[in-house]
Engineer: 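Let me begin by handing over the structure; questions about it come next.
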Amino acid sequence: MSRARLLVLRLVGVAMLVTLLGRLWFLQVVNGDAYVRAAADVRIRSVALPPTRGQILDVAGRPLVTNNTRPVVTVDAVALAHQPDGGRAVLTRLGEALGQPYRQLAEKVRLCGEGVPQPCWQGSPYEPIPVARDVSVPVALQISERQQDFPGVRTELRPVRVYPHGAQAAHTLGYVQGAQGRDGLEAAYDRELAGRPGRRDVAVDNTGRVTRTLRQDPPVPGNTLVTSIDSRVQSIAEQALGRALAGSGGSSGAAVVLESGTGRVVALAGRPAYDPAVWTDGVTAREYKALPLLSQALQGEWAPGSTWKVASVAAAASAGYGLGATYDCPPGYTVGNRVFRNFASADLGLMTMHGALVQSCDTIFYRLADQLWQRGSDALQRTARGFGFGRATGVDLPGEAAGAVPDAASKKAYWRATRAESCDRARKGYPELADRARAAYLTTIARENCRGGGVWRGGDAANLSIGQGGVLVTPLQLARAYAAVANGGTLHSPRVGMKVVRPDGTTVRTITPPVTGRLPASDGTLAFIRQALAQVPRTGTAEGAFDGFPFGKIAVAGKTGTAESFGRRDTSWFASFAPDPAYTVVVVLSEGGMGAEGAAPAAREIWEGILGLRERR
């Protein structure tokens with residue numbers, strides 16, 4: 001009996017062994033390749049865990065950008081992709097709960113890639129994508145408790161960017177969107193503000209689904225950026241600019257306030273603007289197209305008009321013209337076959353260069369430019385470039401425009417690039433223009449350009465001398481140049497950032513505006529220009545705008561500018577500075593009319609606000 005049992009046990013053991021060997025053969029030989037492929041399809045993905053970004057503060061430590069913890073609804077793009085309909089039903093139900101249409105949510109969660117238009121998610125596909133922030137508690141609970149209806153959707157508390165001053169300084173502060181989208185200070189100082197991301201390693205199967213978390217390291221919060229922006233002065237500049245544009249009917253504009261002696265930025269205001277909080281929940285394609293993302297203060301380019309004449313006076317001095325000599329200011333001056341006229345064809349009589357600045361005589365500068373052109377001198381262009389025009393200031397903000405100082409080479413290059421168009425217009429004219437006289441004039445110009453344009457002529461030099469005819473500057477460039485006139489000739493590369501501070505309060509580094517050069521003018525020439533500009537608001541072209549101004553409290557000096565723009569109203573400028581506080585204030589109003597009537601009153605309002613005079617009135 002025992003031998004029979006032993007035999008049975010042996011047979012059973014042999015059968016089990018044969019079965020196991022057969023199974024191993026089946027798995028490793030028959031289906032081996034399939035399992036190898038499946039194992040190879042399992043990957044480890046690392047997901048960055050975003051840290052809390054550092055704050056951005058003004059010069060007094062007041063928050064310009066900070067963080068708040070708010071309920072956030074996020075969507076897992078991979079989980080949506082695994083839905084039979086690609087997640088459409090989930091997003092539709094989520095939209096009903098959040099009060100957002102399906103299309104709006106779909107734009108927020110689509111992944112960026114080749115051919116995918118903005119807006120899109122620029123972060124990792126394995127990172128939860130925020131679609132709504134600061135949702136109400138009932139809505140958050142509804143989503144959390146109905147996970148069967150909202151697979152891949154979560155609600156959690158997250159830090160979000162908060163902008164206490166709304167649209168003020170929006171272009172300067174910039175924004176953060178996803179892992180890559182940045183602008184303004186958020187972009188320029190991203191490395192300091194961002195902190196160090198944490199890391200989550202997840203296992204992902206061959207369909208892209210996350211199966212488990214393998215490792216997680218917490219993020220390190222970012223440092224704080226202290227700026228030289230004074231939020232009080234920023235608010236004053238914003239309000240003055242807004243009122244000036246509303247009053248003049250201007251379409252856009254900017255106001256810049258610099259510390260003249262250091263190059264630090266005190267305020268940068270620009271219109272149109274927007275509230276950067278719009279980025280918090282992500283923007284739709286329609287919203288993105290409508291956003292005024294251009295920073296008028298450092299990306300807007302306009303002809304500077306007579307504010308340019310400080311460079312022309314310095315050029316005259318360098319070319320040997322006596323600043324104290326007497327010059328005639330007739331109603332017009334003929335260059336070639338064209339008469340270049342003063343504003344309103346005014347006959348201002350005899351005056352020195354002092355009077356030419358105070359009364360803004362154009363014909364003196366036309367004659368100067370024509371004579372320099374006849375001598376083959378490029379003193380006007382060389383001096384203008386020495387004032388920092390025609391190149392970026394190097395401010396610590398992205399996307400700055402360079403402006404333009406036209407010369408023979410640039411005119412020739414432009415002619416070559418547009419010759420075909422000129423010849424086409426020479427043949428067919430401008431039938432779309434209702435003003436037939438204007439159409440005939442433009443057709444004549446087109447014929448001349450087609451036959452042999454691109455030659456730098458005396459008329460080009462005349463326009464250059466008064467800040468017209470292809471000259472372009474940004475408000476920040478003009479402010480930097482006037483700050484250098486005020487401080488004795490030192491050109492700085494402006495800086496908004498002042499220092500970077502760790503979360504524990506210790507300073508990482510101090511940011512100092514670098515010196516980039518000196519104005520090409522002697523101390524005597526600069527003193528002469530300052531003395532003349534001091535009279536502009538008292539007895540010159542800005543006298544009406546500054547009537548009753550307390551010059552005894554603050555000795556504001558400045559220059560008006562009115563620049564023509566084809567097919568549009570004039571551009572209005574006022575550039576100014578004062579010794580105490582040693583600030584430079586520049587205002588520009590696109591289509592704002594005369595400088596004395598649009599920009600100058602706005603600059604006065606800023607100066608009065610800086611001193612607290614408007615509150616007492």
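Just so we're clear, the structure is a prediction, and the values are computed from it rather than from any experiment.
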Engineer: Asn67 side chain to Pro159 main-chain N or O, any donor-acceptor pair under 3.5 Å?
Structural biologist: no
Engineer: What heavy-atom pair brings Ala483 and Leu258 nearest, and what distance separates the two atoms?
Structural biologist: CB-CD1, 4.5 Å
Engineer: Please say whether more than 12 non-hydrogen atoms of neighbouring residues, nucleotides or ligands are located less than 6.0 Å from CD in Glu564.
Structural biologist: no
Engineer: Answer yes or no: is there a side-chain heavy-atom contact under 4.5 Å between Ser228 and Glu259?
Structural biologist: no
Engineer: Compare all side-chain heavy atoms of Asn463 with those of Val471 and state whether any distance is below 4.5 angstrom.
Structural biologist: no
Engineer: Check whether Thr307 reaches the backbone of Thr560 with its side chain - one donor and one acceptor, N or O, closer than 3.5 Å.
Structural biologist: no
Engineer: Begin with the C-alpha distance, continue with both residues' side-chain angles, and end with the deciding distance and a verdict on side chain to side chain contact (heavy atoms under 4.5 Å, CB included) for Ile466 and Trp308.
Structural biologist: CA-CA 6 Å; Ile466 64 162; Trp308 181 264; over 6 Å; no
Engineer: What is the distance from atom CZ of Arg110 to atom CD1 of Ile129, rounded to the nearest 0.5 Å?
Structural biologist: 11.5 Å
Engineer: Can you confirm whether the side chains of Trp279 and Tyr274 place a donor and an acceptor under 3.5 Å from each other?
Structural biologist: yes
Engineer: Does atom CZ (Arg196) have a neighbourhood of more than 12 heavy atoms from anything else shown, all under 6.0 Å?
Structural biologist: no
Engineer: Do side-chain atoms of Gln477 reach the backbone of Arg391 as a donor and acceptor pair under 3.5 angstrom?
Structural biologist: yes
Engineer: Could you tell me if the side chain of Arg568 sits less than 4.5 Å from the side chain of Ser590, heavy atoms only?
Structural biologist: yes
Engineer: Could you check whether atom CZ of Arg154 has more than 12 heavy atoms from other residues, nucleotides or ligands sitting under 6.0 Å from it?
Structural biologist: no
Engineer: Would the distance check show the side chain of Arg243 and the main-chain N or O of Ala602 forming a donor-acceptor pair, the cut-off being under 3.5 Å?
Structural biologist: no
Engineer: Give a yes or no on whether the backbone of Gly558 and the side-chain of Tyr482 come within a donor-acceptor separation of less than 3.5 Å.
Structural biologist: no
Engineer: For the pair Leu268 and Leu397, evaluate side chain to side chain contact (heavy atoms under 4.5 Å, CB included) and give the outcome as yes or no after the intermediate values.
Structural biologist: CA-CA 11 Å; Leu268 286 177; Leu397 290 169; 3.9 Å; yes
Engineer: Please determine, by modelled atom types, if Asn223 and Tyr189 share a side-chain donor-acceptor pair under 3.5 angstrom.
Structural biologist: no
Engineer: Can you name the ring pair (Phe, Tyr, Trp, His ring centres under 6.0 Å) partners of His492, sequence neighbours left out?
Structural biologist: none
Engineer: Around atom CZ of Arg62, are there more than 12 heavy atoms from other residues, nucleotides or ligands closer than 6.0 Å?
Structural biologist: yes
Engineer: What's the shortest heavy-atom distance between Leu491 and Gly386, and which atoms?
Structural biologist: CD1-O, 3.3 Å
Engineer: Which pair of heavy atoms, one from Val256 and one from Pro475, lies closest together, and at what distance?
Structural biologist: CG2-CB, 3.8 Å
Engineer: So Leu64 and Leu225, do their side chains get closer than 4.5 Å, heavy atoms only?
Structural biologist: no
Engineer: Main chain of Ala188, side chain of Asp396: is a donor-acceptor contact present, judged purely on distance under 3.5 Å?
Structural biologist: no
Engineer: Would you say the side chain of Pro494 lies within less than 4.5 Å of the side chain of Arg480, judging by non-hydrogen atoms?
Structural biologist: yes
Engineer: To the nearest 0.5 Å, what is the distance between CD (Glu107) and CZ (Arg286)?
Structural biologist: 9.5 Å
Engineer: Heavy-atom distance under 4.5 Å between the side chains of Leu173 and Glu186, does that happen here?
Structural biologist: no
Engineer: Show the nearest heavy-atom pair for residues Phe389 and Ala481, with the distance to one decimal.
Structural biologist: CZ-CB, 3.6 Å
Engineer: Check whether any side-chain heavy atom of Val65 lies under 4.5 Å from a side-chain heavy atom of Arg161, and answer yes or no.
Structural biologist: yes
Engineer: Counting distance only, does the side-chain N/O of His171 pair as donor-acceptor with the main-chain N or O of Gly184 below 3.5 Å?
Structural biologist: no
Engineer: Let me confirm one number: the CD1-CD distance from Ile236 to Gln234, rounded to the nearest 0.5 Å.
Structural biologist: 10.0 Å
Engineer: Out of curiosity, Thr227 OG1 to Asp230 CG, how far, rounded to the nearest 0.5 Å?
Structural biologist: 9.0 Å
Engineer: Run the side chain to side chain contact (heavy atoms under 4.5 Å, CB included) test on Val586 and Trp573 for me, step by step, so that the C-alpha distance in whole Å, both residues' side-chain angles and the decisive distance to 0.1 Å come before the verdict.
Structural biologist: CA-CA 7 Å; Val586 167; Trp573 286 94; 3.9 Å; yes
Engineer: For the side chain of Arg604 and the backbone of Ala545, is there at least one donor-acceptor N/O pair under 3.5 Å apart?
Structural biologist: yes
Engineer: Rounded at 0.5 Å granularity, tell me how far CG in Asp183 sits from OG1 in Thr172.
Structural biologist: 10.0 Å
Engineer: Could you check whether any side-chain heavy atom of Glu400 comes within less than 4.5 Å of a side-chain heavy atom of Thr393, counting everything from C-beta outward?
Structural biologist: yes
Engineer: Answer yes or no: is there a donor N or O on one side and an acceptor on the other, between the side chain of Glu301 and the main chain of Gly403, under 3.5 Å?
Structural biologist: yes
Engineer: Applying side chain to side chain contact (heavy atoms under 4.5 Å, CB included), run through Arg385 and Asp407 and close with a yes or a no.
Structural biologist: CA-CA 11 Å; Arg385 294 189 181 100; Asp407 56 16; 2.7 Å; yes
Engineer: Look at atom NZ of Lys499 and say whether more than 12 heavy atoms of other residues, nucleotides or ligands are closer to it than 6.0 Å.
Structural biologist: no
Engineer: Please check if any side-chain donor atom of Ser251 sits under 3.5 Å from a side-chain acceptor atom of Arg569, or the reverse.
Structural biologist: no
Engineer: Whether the Ser565 and Glu591 side chains hold a donor-acceptor pair (N or O, under 3.5 Å, no angle test) is what I'd like checked.
Structural biologist: no
Engineer: Can any side-chain N or O of Ser410 pair as donor or acceptor with the backbone N or O of Pro406 at less than 3.5 Å?
Structural biologist: no
Engineer: Locate the shortest heavy-atom distance separating Ser248 from Leu589; write the atom from each residue and the value.
Structural biologist: OG-CD1, 3.9 Å
Engineer: By side-chain contact (heavy atoms from CB on, under 4.5 Å), which residues pair with Ala303, not counting sequence neighbours?
Structural biologist: Gln468, Ala563
Engineer: Return the CZ to OG1 distance between Arg518 and Thr490, rounded to the nearest 0.5 Å.
Structural biologist: 4.5 Å
Engineer: Which heavy atom in Gly174 sits nearest to a heavy atom in Pro276, and how many Å separate them?
Structural biologist: O-CB, 4.0 Å
